Amino acid sequence: ATTTSTMALLCSLSGAVPEHAVVSPRSGAVFEKRLLEKHLAEHGTDPVSNDELSIDDVIEVKVPPTVSPRPPTATSIPALLKLFQDEWDSVMLETFRMRQNVETARQELSHALYQHDAACRVIARLTRERDQARQALSTLQPAAAAMAVTAADGPSGMEDVEGPGGPALPADVLAAIAKTHKSLSKERKARFKKLDRSELATPEDVKAYTEKNAFTGLHAASKSGMLSFDVHASNDNLVLTGGADKKAILFDRAQEKVVATLKGHTNKVTAVALHPSAEVAVSGSQDKSVMVWNLSTSKATGKITAHSGPVTGVSLHPTGGHVVSASSDKQWVFSDINTHQTLAAVTDDQAYTTVQVHPDGHIVGVGTESSLVQVWDAQELKKLATFEGHGGKIKAIAFSENGYHFATAGEDAMVKLWDLRNLKNLKTIQLEQNYTVSSVNFDNSGSFLVVGGSDVRVYGVKSAKKSAQVEAPSKEEPVVTFQTNTATVTGCKFGNNARSVISVGLDSKLRVYA
C-alpha cells in the first residue's frame with residue numbers, strides 16, 4: 001500500500017513524479033521542490049490556493065528514490081538493436097573524424113620538419129659564407145696595411161709584384177730579410193772553408209747504418225700515422241711530428257719521452273717546423289690554419305688563418321720571426337709568428353703542394369700540383385724562375401747548405417737535382433715505376449741526399465765549383481737503402497753531420513738509423 005501511494009505522488013505543477021517531493025501546508029498539494037522554489041521566487045504564493053507561502057513553510061516528503069522508466073524506444077529487442085546500431089554508427093563516425101585529425105596533424109608536422117630542415121641548411125650556408133668573408137677580410141687587412149706602409153715610405157725599393165703575386169712586404173721586414181741574407185751567406189762561405197770533414201759521416205759510415213730505434217705510441221696508429229716531421233737544427237734528439245690524429249708531438253729520442261703534446265687543430269697536421277733557437281714550433285693542417293706554439297707550455301700562442309684551402313707546407317724564415325706557408329688554395333703566404341699577422345699573400349694559377357725557404361732567406365721554393373717548381377724572390381715577391389721536368393705533382397723541395405743546389409721529388413717517382421746559378425737540371429734519379437716518393441733532404445754539409453717514400457735511400461752528392469752530380473755508378477744505386485718500414489715513409493732527415501738518419505711514416509713509427 002505504501003509503495004502504491006508513493007508511486008501515485010504527482011507534482012501539482014508538472015504532473016510528473018517528483019524527485020524531491022514537498023507538501024504545501026496551505027493547500028496540502030504535492031510539488032516538485034525545484035519547481036515550487038521557482039514559483040515562490042516569482043509569486044510568493046501557493047500555486048493552488050494562492051495563499052502566501054515561503055519555502056521555509058513547505059514540508060519535505062520522505063519517499064524511496066524513484067527510477068525513471070525506460071523510454072518506449074528501449075522496451076523491445078528491435079528497439080535495443082536499433083539503439084546499439086545508432087551507438088556503433090556514432091562511434092565509427094567519431095573514429096573517422098579522429099583519423100582525419102591525425103592525418104592532418106601528420107601533414108602539418110611533416111611540413112614543419114621540412115621548413116626546419118630548410119632553415120638549418122640556409123643557416124649553415126650563411127655561416128659558411130660568413131666564415132669565408134671573415135677569412136678573406138683577415139687576409140686583406142694585412143695587405144692593406146702593407147700597402148699603406150708603402151705609400152707612406154715612398155718607393156724605397158718596395159714595388160708591386162709584376163704578374164701573379166701579392167703586395168710588397170713592410171720596410172722593416174725587407175730590411176730584416178736583406179740583413180739575414182747578407183749575414184748567413186757570408187757565414188756559410190766561411191763555415192764551408194773551415195768545415196772539419198773528420199766529423200762528417202763518410203759513405204762507408206752511412207753504408208754500415210742499421211735501424212737502432214723504432215719509437216711507437218706517439219700518434220694513433222689507427223689514424224694513418226705520421227704525416228710530417230722536423231728535426232731540431234742544433235739538437236737532433238728533438239723531433240717534432242705531425243699526425244693524422246690532429247696532434248703535433250715533440251719527442252726527445254735520447255730520453256725516449258714526449259716533451260710536448262700540441263693539440264688545437266681540427267684536421268690532419270700536414271706540416272711542422274721547429275724554431276732553431278727558441279722554444280717555438282709551427283704547424284700547418286688540412287683545417288686551413290697555421291698555428292704557432294710555445295713548446296715550454298704546450299700551448300698555442302696564435303693562429304694564422306690566411307688560407308682558404310688545406311695547408312700543404314710550412315717553412316720558418318731564417319729571420320726567426322716569420323713563417324712561409326703554402327696551400328692548395330694557390331697561395332703561399334708570408335706571416336709574422338709573433339703577431340700572427342699575414343704580411344703578404346702571393347697568388348698564382350697553380351695549387352701549391354710544398355714550400356721551402358732557402359737557408360739564406362732571400363728566395364722561396366714552392367712545388368705545384370701541375371709538376372712545376374717555382375722559385376720566388378722573398379723580398380720583392382716576384383717569380384724568378386720556373387723549373388720543368390717532372391711528370392707529376394711535386395711532393396718535396398730541399399735546399400742544400402752549399403746555397404746553390406736544391407732537390408725536388410715528384411709523384412712521377414723521380415728525384416731531380418738543380419743548380420740555381422744556371423737554372424739547370426744537373427741530375428735525375430729515376431726510381432722504380434711503382435715507387436712512392438714523398439720526401440727529400442740534404443745533410444748539413446751537402447754531401448748526402450736522403451729520399452723517403454716506399455723505403456729510405458741515401459745518395460752521395462759530389463760537389464764542384466760549377467756543377468754537382470748525384471753519384472750513381474750503377475744506375476743511380478744509393479749508398480744504402482733501409483726497408484724496415486711497414487708503410488709509406490712521409491718524411492726523412494739527417495741528424496747532425498749525417499751521423500744518423502731519422503724517418504717517420506704512415507706506420508706511426510719514428511725510426512732512427514745509425
Side-chain angles (χ1 to χ4, degrees), residues 180 183-184 187-188 191-192 194-201 205-206 209 211-219 226 228-243 247-262 269 271-283 291-301 314-323 337 356-357 359-361 398-401 439 441-448 450 452 456 458 490-505 509-514:
T180 302
S183 173
L184 292 178
E187 289 177 6
R188 173 177 296 102
R191 186 171 65 251
F192 266 77
K194 298 178 181 180
L195 187 63
D196 187 359
R197 296 287 174 179
S198 63
E199 296 181 359
L200 300 176
D205 294 333
V206 175
Y209 288 175
E211 182 179 289
K212 297 299 183 182
N213 299 100
F215 300 102
T216 60
L218 302 183
H219 293 272
M226 303 176 185
S228 56
F229 93 124
D230 193 19
V231 179
H232 197 277
S234 58
N235 181 5
D236 60 1
N237 287 319
L238 291 178
V239 179
L240 179 65
T241 62
K247 296 186 296 184
I249 302 291
L250 180 64
F251 182 75
D252 189 328
R253 60 188 182 92
Q255 300 182 20
E256 299 186 5
K257 71 174 185 178
V258 174
V259 178
T261 300
L262 312 179
V269 179
V272 293
L274 275 171
H275 198 286
S277 58
E279 291 189 333
V280 174
V282 177
S283 61
M291 298 190 74
V292 183
W293 305 88
N294 184 328
L295 295 177
S296 60
T297 62
S298 300
K299 300 294 184 182
T301 60
V314 295
S315 181
L316 283 167
H317 196 276
T319 58
H322 306 93
V323 63
I337 63 173
Q356 191 68 38
V357 179
D360 291 346
F399 288 97
S400 173
E401 278 293 322
S439 175
N441 272 292
F442 290 93
D443 72 311
N444 59 331
S445 69
S447 302
F448 297 100
V450 62
V456 179
V458 178
T490 54
C492 54
K493 286 194 173 186
F494 288 101
N496 293 338
N497 297 323
R499 289 294 178 181
S500 62
V501 177
I502 308 166
S503 72
V504 298
K509 290 185 178 181
L510 171 64
R511 301 177 188 274
V512 180
Y513 305 94

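Predicted, not measured: the structure shown is a model, and the values here were computed from it. Because only heavy atoms are used, hydrogens play no part in the values below, and waters and symmetry mates are left out as well, while side chains stay in.
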Heavy-atom check, side chain of Ser298 versus side chain of Leu262, under 4.5 Å
yes
Are Phe442 and Phe448 near enough that their ring centres are under 6.0 Å apart?
no
Might you point out which heavy atoms bring Leu274 and Leu238 nearest each other, and give the distance in Å?
CD1-O, 4.0 Å
Given side chains that start at C-beta, do those of Leu218 and Leu510 come closer than 4.5 Å, heavy atoms only?
yes
For Asp205, which residues count as a salt bridge (charged side-chain N to carboxylate O under 4.0 Å, His left out) partner, sequence neighbours excluded?
Arg499
Considering the options Val231, Val456, Val450, which one meets the side chain to side chain contact (heavy atoms under 4.5 Å, CB included) requirement together with Ile502?
Val231
Does some side-chain heavy atom of Asp230 sit less than 4.5 Å from a side-chain heavy atom of Val239?
no
Asn237 backbone acceptor or donor facing Asn235 side chain under 3.5 Å:
yes
With a 4.5 Å heavy-atom cut-off, do Lys247 and Thr261 have their side chains touching?
yes
Given 3.5 Å as the limit, does a donor-acceptor pair link the side chain of Asp252 with the main chain of Glu256, or not?
no
Using modelled atom types and a 3.5 Å cut-off, is there a donor and acceptor pairing between side-chain atoms of Ser500 and backbone atoms of Tyr513?
no
Please confirm whether the backbone N or O of Asn497 pairs with a side-chain atom of Asn444, one donor and one acceptor, at under 3.5 Å?
yes
Minimal heavy-atom distance between Gly320 and Ile337, with the atoms involved, is O-CD1, 3.4 Å
Looking at NZ of Lys509 and CG of Asn213, how far apart are the two atoms once the value is rounded to the nearest 0.5 Å?
12.0 Å
Which pair of heavy atoms, one from Ala281 and one from Leu295, lies closest together, and at what distance?
CB-CD2, 3.7 Å
Please round to the nearest 0.5 Å and tell me the distance separating atom CG of Asp360 and atom CZ of Phe399.
10.0 Å
For the backbone of Asn294 and the side chain of Thr301, can you confirm whether one donor and one acceptor N or O come within less than 3.5 Å of each other?
no
With a 4.5 Å limit on heavy-atom distance, are the side chains of Val280 and Val292 in contact?
yes
Are Ser445 and Glu401 packed together at the side-chain level, in the sense that at least one heavy-atom pair is separated by less than 4.5 angstrom?
no
Determine whether a donor-acceptor pair (N or O, by modelled atom type, separation under 3.5 Å) exists between the side chain of His317 and the backbone of Val357.
no
Phe494 side, atom CZ; Leu200 side, atom CG - distance, nearest 0.5 Å
11.5 Å
Taking Asn496 for the side chain and Ser234 for the main chain, is one N or O donor matched with an acceptor at less than 3.5 Å?
yes
Restricting to non-hydrogen atoms, name the atom on Thr490 and the atom on Ser228 that form the minimum distance, rounded to 0.1 Å.
OG1-N, 4.3 Å
Identify the two heavy atoms, one from Met291 and one from Ala300, that lie closest to each other, and give their separation to 0.1 Å.
CE-CB, 3.5 Å
Heavy-atom pair of closest approach, residues Phe229 and Gly491
CE2-C, 3.3 Å
Without swapping roles, check the side chain of Asn441 against the backbone of Cys492 for a donor-acceptor pair under 3.5 Å.
yes
Looking at Arg253 and Asp236, does any basic side-chain N land under 4.0 Å from a carboxylate oxygen?
yes
Is the shortest heavy-atom distance from the side chain of Arg511 to the side chain of Phe215 under 4.5 Å?
no
Quick one: which of Ile249, Val272, Thr241, Val269 gives a side chain to side chain contact (heavy atoms under 4.5 Å, CB included) with Met226?
Thr241
